[in-house]
Amino acid sequence: MHTLEFLVTGMVCQGCSHSVERMVVALDGVEDAAVDHRAGTASVTCAPRVAPEAVHDAVRDGGFGVRACGNPDCACDDCHCQPCAC
């Protein structure tokens, strides 16, 4: 297992955190997710075969944004980090 760390935008409450966690944990190969709406962070424990982009897509499909670069000052609302505009 390995851990993916990234920032999630658009979360305003604990319900948002739980929604993101459920979306991510539903992915094949994901063991656990810890999401903090106050910090805007997500930590996902998953099999090495799980692509970060698949996790990011699941979060985006749920209506939230992802700052994959991990930079809280990034100017991108939905950073794909390939390459990042920041």
Side-chain angles (χ1 to χ4, degrees):
M1 292 290 163
H2 73 279
T3 303
L4 303 173
E5 305 273 347
F6 54 94
L7 300 179
V8 178
T9 60
M11 296 187 299
V12 295
C13 66
Q14 190 171 10
C16 293
S17 298
H18 290 304
S19 292
V20 172
E21 288 174 359
R22 282 191 304 271
M23 289 181 285
V24 171
V25 170
L27 295 172
D28 184 42
V30 173
E31 181 178 298
D32 190 34
V35 181
D36 183 337
H37 73 279
R38 289 185 187 139
T41 58
S43 179
V44 179
T45 304
C46 57
R49 72 177 188 279
V50 176
E53 294 80 13
V55 178
H56 299 167
D57 288 346
V59 172
R60 289 184 185 105
D61 288 348
F64 300 95
V66 174
R67 288 193 179 136
C69 62
N71 179 356
D73 299 320
C74 180
C76 303
D77 272 342
D78 202 27
C79 175
H80 293 273
C81 209
Q82 300 292 333
C84 182
C86 68

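Nothing fancy with the numbering, it's 1 onward along the sequence.
- Of all heavy-atom pairs spanning Val20 and Val8, the tightest one is CG2-CG1, 4.4 Å.
- Taking each heavy atom of His37 and Met11 in turn, the nearest pair found is CA-CE, 3.5 Å.
- We find the OG1-CD distance between Thr45 and Glu31 to be 6.5 Å, quoted to the nearest 0.5 Å.
- Taking each heavy atom of Val44 and Val30 in turn, the nearest pair found is CG1-CG1, 3.7 Å.
- Distance check: Arg38 CZ to Cys16 SG gives 12.5 Å after rounding to the nearest 0.5 Å.
- The closest donor-acceptor contact from the side chain of Ser43 to the backbone of Ala34 lies at 3.5 Å or more, if one exists at all.
- Closest approach of Phe64 and Thr9 over heavy atoms only: CB-O, 3.5 Å.
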Quick one: do Met23 and Val59 satisfy side-chain contact (heavy atoms from CB on, under 4.5 Å)? Show the steps, please.
CA-CA 7 Å; Met23 289 181 285; Val59 172; 5.5 Å; no
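- Residues Arg49 and Asp28 meet the side-chain proximity criterion, which asks for heavy atoms closer than 4.5 Å.
- The nearest pair of heavy atoms linking Ser17 to Asp36 is OG-C, 3.8 Å.
- Within the 4.5 Å cutoff, side-chain heavy atoms of Cys46 are placed close to those of His2.
- At a threshold of 4.5 Å between non-hydrogen side-chain atoms, the residues Val35 and Thr41 do not count as touching.
- The shortest heavy-atom contact between Arg67 and Phe6 is O-CB, 4.1 Å.
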